[in-house]
Amino acid sequence: MGAPAPSATSAMDIVVELTGVCKTFRQRQRSEKLGDTLRNLIRPRFREVRALDHVDLTIRRGEIVAYAGPNGAGKSTTVKLLSSLLAPDSGTVRALGMDPVRDRARYVGRIGVLFGQRTELWWDHPVSASFEWKRVVWDIPRDRYDRALPRIREMLGLDAFFNSMARELSLGQRMRADLGMALIHEPEILFLDEPTIGLDVLAKRAMLQFIRELHDEQGLTVMLTSHDMDELEQLAGRIVLLANGRIAFDGDWTTLRREYADRRHLTLETPNARAPEFANATLVRTDGGRHEYVFDAGRVDIPALLAEAARQTEILDVETHRAPIDEVIAGIYEKLQYSSPGTSEFSPATA
Amino acid sequence: MEGKSEPNIVVRMMRLWGIAAWMDLLWVTKDLKQFVFYFGAEALLSVAAMSTTLLLAARFNGIGAWSTDQVVFMLAYSTAVMGAMETFFNFNVLEISRRIGRGQLDHVLVQPRPLWVAILTEGFCPFSGSGSLLIGLGLLAWSTSRIGIAVTTGWIALLLVSLAASCAVVLAFSYLWGSLAFWSPRGAEEVCSSSNVMLSALRPFPLDGLGPVLLGGMLTFAPIGFVGWLPARGLLGMGPSWQSAATPLAALLFGIVASFIFRKGLREYGRTGSQRYLSHGHRR
């Protein structure tokens, strides 16, 4: 890796710093009607979509940060800003003490980027040729390349298809090879934009385990976006939730659950089909003598709830468990999408 | 990279040309049938591209002030220019509007090398793209010997400078048009291939005798004259000596304008991003 450029941020061990970043895109608007089509040729109508709205974010060296949010929240835009592919409309983007756009050539040599929907592999060449190409283009010293490659091949299981043409690989194989490509130059920060999209459970697990091991051994800083919250919770200690272009939450998973909703499931088994009724728990399913409820553990006292159930009927069995994180996030998304319509991409503006 | 000094830019570019050549060799040798048919088709196309003008010159014993051998020289020169473009700027580097339009510029921007270095090295295809260049250079040598030009070091230097300048004009012209794709990625995706086809189709014809307006157009808006006719006149000693300097000068001017427009387009790309690939992968 190149010597880090001297800067205030690197001295504080902050490797990514976004300050007041705004990014707006324009979308052309028109209907399918002929009159509207002709009018649009002369006076096109646009709608502004605020992808990022005064975003402040810092990431410290060695952190794994989950960057989540509903579709259109601005996740990919942020990754593109940090990969030198986009410039902000206003605000500043700094990473590794550099401006990703101005210092592009120097900066991208120290980061790894993986977009789940794209490949850096040469389509008509064996995977091995793409790695060799990367060694030369990234100017990776031979000894370091020879040291890193066997490990990446082994850990990602690339040996089985290392000499196969990229176009003949399955999606899972292609993603593993792409991840290997993103890591072969030993980047300091890894940006992963939906890296496991389309992968089966085993391929997903292998990829996450590899990233975790790499982080544990080398202190790699990782920022990843995904819609799979279980996956993000497994990997990242910190979650940044984006909604309508703004950071709606930045903290750990426990705090997220506590602040938004410590959603729990309660299942009661009773001798009869009639479900007990509670003022502070919602019945979501009932099947014979088995009744399932959801409630907010932050506001509901569980022993009191069970005592109330026992007052209403005989209880044969009780189960309680936390709601899956996907369910928690879905609830949060619903709240966030409709809580601040003024900053939403749904607010039309003409240009 | 840690503990490692930055290599000299020339050394770096040699390495990048080297890996591009290696990838090209891997591609052409993918299978024997591809290897044979590819080179056969390339040779056939190069000969076909010159045949009309060559047959005309042979039938009428020259065209205007040009003898048949001089016509062959001009054809050979322009074939070498277009062949050099195919050799050094293949892989849609010359057709930059395709890369911009299809969102493939993103792949270049995440590579740790200046964009100009990527443009000069990434499209090097000496095995799959050099058919026309070799035919052009062979014909140049043959026609030079038949015309009886005194081949001095100065003349060879002039030939090399003229060839490089003609290539620079073609590249700049292509990037001038190709930059439109920054603003209209879909509409202008194929604009480079159209502009290059125009240069290729019209390059074999001597432009002597054209009126000043038409000739001016052929040296500015569609700079066909710099691809073969004007540098060939300079190299053959036809007309005033300033003609020899015209192509390098044109290369400089076209290069400055193309660079200005391309940089402006790049800023637009930084503002809007790749417009064809959405985050979920669909092409618009």
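Chain A is the first sequence line, chain B the second, and so forth, proteins listed ahead of strands; every chain is numbered from 1.
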Testing the basics here: between [X] and [Y], what is the closest heavy-atom pair and its distance to 0.1 Å?
{"X": "A105(A)", "Y": "P114(B)", "result": "CB-N, 4.0 Å"}
{"X": "R12(B)", "Y": "V136(A)", "result": "NH1-O, 3.3 Å"}
{"X": "T119(A)", "Y": "H107(B)", "result": "O-CE1, 3.2 Å"}
{"X": "V137(A)", "Y": "P112(B)", "result": "O-CG, 4.0 Å"}

Just wondering, are more than 12 heavy atoms of other shown residues or ligands nearer than 6.0 Å to [atom1] in [X]?
{"X": "K30(B)", "atom1": "NZ", "answer": "yes"}
{"X": "W22(B)", "atom1": "CH2", "answer": "no"}
{"X": "M198(B)", "atom1": "CE", "answer": "yes"}
{"X": "Y145(A)", "atom1": "OH", "answer": "yes"}
{"X": "R263(B)", "atom1": "CZ", "answer": "no"}

Whether the side chain of K23(A) engages the backbone of T272(B) through a donor-acceptor N/O pair (distance < 3.5 Å, no angle test) should be reported.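 Checking the backbone N and O of T272(B) against the side chain of K23(A), no donor-acceptor pair under 3.5 Å is found.
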
[X] side, atom [atom1]; [Y] side, atom [atom2] - distance, nearest 0.5 Å:
{"X": "L85(A)", "Y": "L105(B)", "atom1": "CG", "atom2": "CG", "value": "9.0 Å"}
{"X": "D106(B)", "Y": "E120(A)", "atom1": "CG", "atom2": "CD", "value": "9.0 Å"}
{"X": "M23(B)", "Y": "W133(A)", "atom1": "CE", "atom2": "CH2", "value": "7.5 Å"}

Decide yes or no for R113(B) and W138(A): does some side-chain heavy atom of the first lie under 4.5 Å from some side-chain heavy atom of the second?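 No, every pair of side-chain atoms sits at 4.5 Å or beyond.
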
Any heavy-atom pair between the side chains of R135(A) and I19(B) that's under 4.5 Å?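 Side-chain contact under 4.5 Å: no.
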
Of the backbone (N, CA, C, O) and the side chain (C-beta and beyond), which part of L115(B) lies under 4.5 Å from a heavy atom of chain A, both, or neither?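 Backbone plus side chain of L115(B), per the 4.5 Å heavy-atom cut-off to chain A.
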
May I ask you to name which of S84(A), S83(A), A87(A), G116(A) has the most heavy-atom pairs under 4.5 Å with chain B?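 Of the options given, most contacts go to A87(A).
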
Charged N-O contact under 4.0 Å between R15(B) and D139(A):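 D139(A) and R15(B): salt-bridged.
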
